[in-house]
Amino acid sequence: MTDPKFPADFLWGVATSAYQIEGAVAEDGRGPSIWDTFSHTPGKTVNGDTGDVACDHYHRYAQDVALIAGLGLGGYRFSISWSRCQPQGKGAWNAKGLAFYDRLVDTLLERGITPHATLYHWDLPQALQDEGGWLNRDTALRFTDYAVTMGRRLGDRVAAIATHNEPWCTAFLGHHSGKFAPGLKDPQAAVQVAHHLLLSHGLALQAMRAAGVKAPLGIVLNQSPATAASERATDRALAEREYALFVRWYMDPIFLRRYPTASGVHLYPQIRENDFDLIAQPLDFLGVNYYTRIWASADEPPQPAPAAQGTTDMGWEVYPEGLLELLVGLKREYALPPIYITENGMANADRLVDGRVHDAPRIAYMRGHLEALSRAIAAGVDVRGFFYWSLLDNYEWDSGYDKRFGLVHVDYATQQRTLKDSAHWYRDFVARQAAL
Ligand code: FCB
């Protein structure tokens with residue numbers, strides 16, 4: 001099989017997030033976040049797993065950066081723990097926390113790796129949750145202060161700053177299904193939270209620009225095309241509704257200054273005058289996270305997705321064509337800025353045997369998605385880079401340490417890192433690009 005060819009300056013990278021890898025939750029003045037509270041609440045996560053230690057990246061970051069360099073990758077996307085930098089989410093800053101991200105960024109730059117920072121990957125300072133969290137409009141203002149401080153501090157050294165990672169997850173999983181922190185089950189609250197997240201994004205972009213932050217600014221959204229299980233009107237209407245709730249709910253306010261309508265969508269947030277003007281700040285880039293498509297079957301029980309290329313250890317259908325469908329559809333519907341694929345990857349039931357992890361399904365997943373991505377670029381979508389999720393096996397939220405997404409296997413008892421076959425494959429794939 002020949003490799004798809006990507007543009008010469010395409011950025012190849014890997015992604016992680018703070019709570020999933022750092023550990024050191026009570027060290028050097030870090031304040032607790034809602035994920036500390038949630039993961040320590042009995043019954044919320046598989047095996048009661050918490051991020052207390054995770055990959056111990058807070059102490060091992062230099063070794064982890066060396067791994068990225070060893071793979072020949074040019075980009076690293078990480079997130080900043082707000083409560084490590086500002087323990088209460090407002091007021092005093094924690095010099096030791098800020099210094100950690102200085103060291104991380106400088107170590108990346110010394111290794112020739114371009115840092116892409118995300119300000120919020122779900123770990124709200126618990127002190128702000130105690131005042132209502134994202135349901136409280138004031139949290140958007142607290143976030144704006146945090147964004148400006150981090151932007152001023154790192155904006156001359158990082159190549160991108162994203163405000164939020166996957167606001168759908170914070171809103172829906174955090175406040176509607178309750179699967180994620182803070183664990184609320186209130187559909188009306190969830191749409192209000194989504195609105196405040198979008199508002200905080202727009203306010204933060206505006207304030208960072210006013211403060212002269214140099215780095216390109218954007219947001220990271222999780223997105224999927226929706227396929228109707230059949231041609232029947234009920235399935236098609238469901239597909240339209242799911243796409244509206246998952247994708248358009250975030251894209252429309254940012255690009256079109258409105259919330260989408262679709263049959264069956266009844267809950268809308270309280271909106272103040274000018275909110276859409278605040279939200280719809282121009283983006284320097286859009287981060288797209290893609291894992292699988294939405295399969296819409298109105299039957300009871302629903303028709304299962306065909307999954308002709310299998311499912312991952314999360315139970316998610318492997319559907320690389322969905323990435324092409326999604327990107328081409330977005331380009332048709334919105335005036336897009338440059339795009340980065342900020343996450344794509346799979347959980348696999350990996351086993352370390354004699355120092356090797358033979359994760360052929362992950363290699364097939366990556367190859368399939370990179371082929372689909374190259375077709376999207378050929379179709380005119382301006383994609384600048386790809387970050388595999390994830391560098392390391394890590395704390396997969398409510399699934400705990402059960403699900404392994406890494407290119408690098410982590411033995412949690414010893415913190416030993418071992419490159420999987422997919423890591424070798426990715427390194428070789430990226431090296432071959434230079435010769436194409
Ligand atoms: C995404 C998250 C990331 C990780 C992957 C598997 O939704 O952004 O933290 O959990 O899924």
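Ligands are counted one by one from 1 in listed order, and the atoms in each one are counted from 1 as well. All values below were derived from every heavy atom in this structure, side-chain atoms included, with hydrogens, water molecules and symmetry-related copies excluded.
- The shortest heavy-atom contact between Pro361 and Met346 is O-SD, 3.4 Å.
- Residues Thr342 and Arg77 come closest through the heavy atom pair O-NH1, 3.2 Å.
- Shortest contact from atom 7 (O) of ligand 1 to any protein heavy atom: Glu166 OE1, 2.5 Å.
- The shortest N/O to N/O separation between Trp122 and ligand 1 does not fall below 3.5 Å.
- Looking at atom 5 (C) of ligand 1, its nearest protein heavy atom turns out to be Tyr291 OH, 3.3 Å.
- At least one heavy atom of Asn165 sits closer than 4.0 Å to an atom of ligand 1.
- Taking only nitrogen or oxygen atoms, main chain and side chain alike, Trp316 does not reach within less than 3.5 Å of ligand 1.
- Residue Trp397 approaches ligand 1 through these ligand atoms, each under 4.0 Å from one of its heavy atoms: 3 (C), 4 (C), 9 (O), 10 (O).
- When each atom of ligand 1 is checked for a heavy atom of Phe405 under 4.0 Å away, the hits are 6 (C).
- Here Leu98 contributes atom CG and Leu154 contributes atom CG; the two are 8.0 Å apart, rounded to the nearest 0.5 Å.
- The single protein non-hydrogen atom nearest to atom 3 (C) of ligand 1 is Glu343 OE1, 3.4 Å, given as residue, atom name and distance.
- Contact atoms of ligand 1 toward Gln20: 3 (C), 4 (C), 9 (O), 10 (O) (distance under 4.0 Å to a heavy atom of the residue).
- Nearest heavy-atom pair across Thr144 and Ala207 is CG2-CB, 3.5 Å.
- Between the side chain of Tyr76 and the backbone N or O of Ala117, no donor-acceptor pair lies under 3.5 Å.
- Between the CG atom of Leu203 and the CG atom of Asp275 there is a distance of 8.5 Å, given to the nearest 0.5 Å.
- Residue Ser17 has no N or O atom closer than 3.5 Å to an N or O atom of ligand 1.
- Between His121 and ligand 1 there is a heavy-atom distance shorter than 4.0 Å.
- Close approach of ligand 1 to Glu396 is summarised as follows: ligand atoms under 4.0 Å from at least one heavy atom of the residue are 4 (C), 6 (C), 10 (O).
- Although no hydrogens or angles enter the test, the distance criterion places a donor-acceptor pair under 3.5 Å between the side chain of Ser224 and the main chain of Thr292.
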Verdict with supporting geometry, Arg157 and Asp106, salt bridge (charged side-chain N to carboxylate O under 4.0 Å, His left out): CA-CA 8 Å; Arg157 285 173 289 160; Asp106 289 342; 2.9 Å; yes

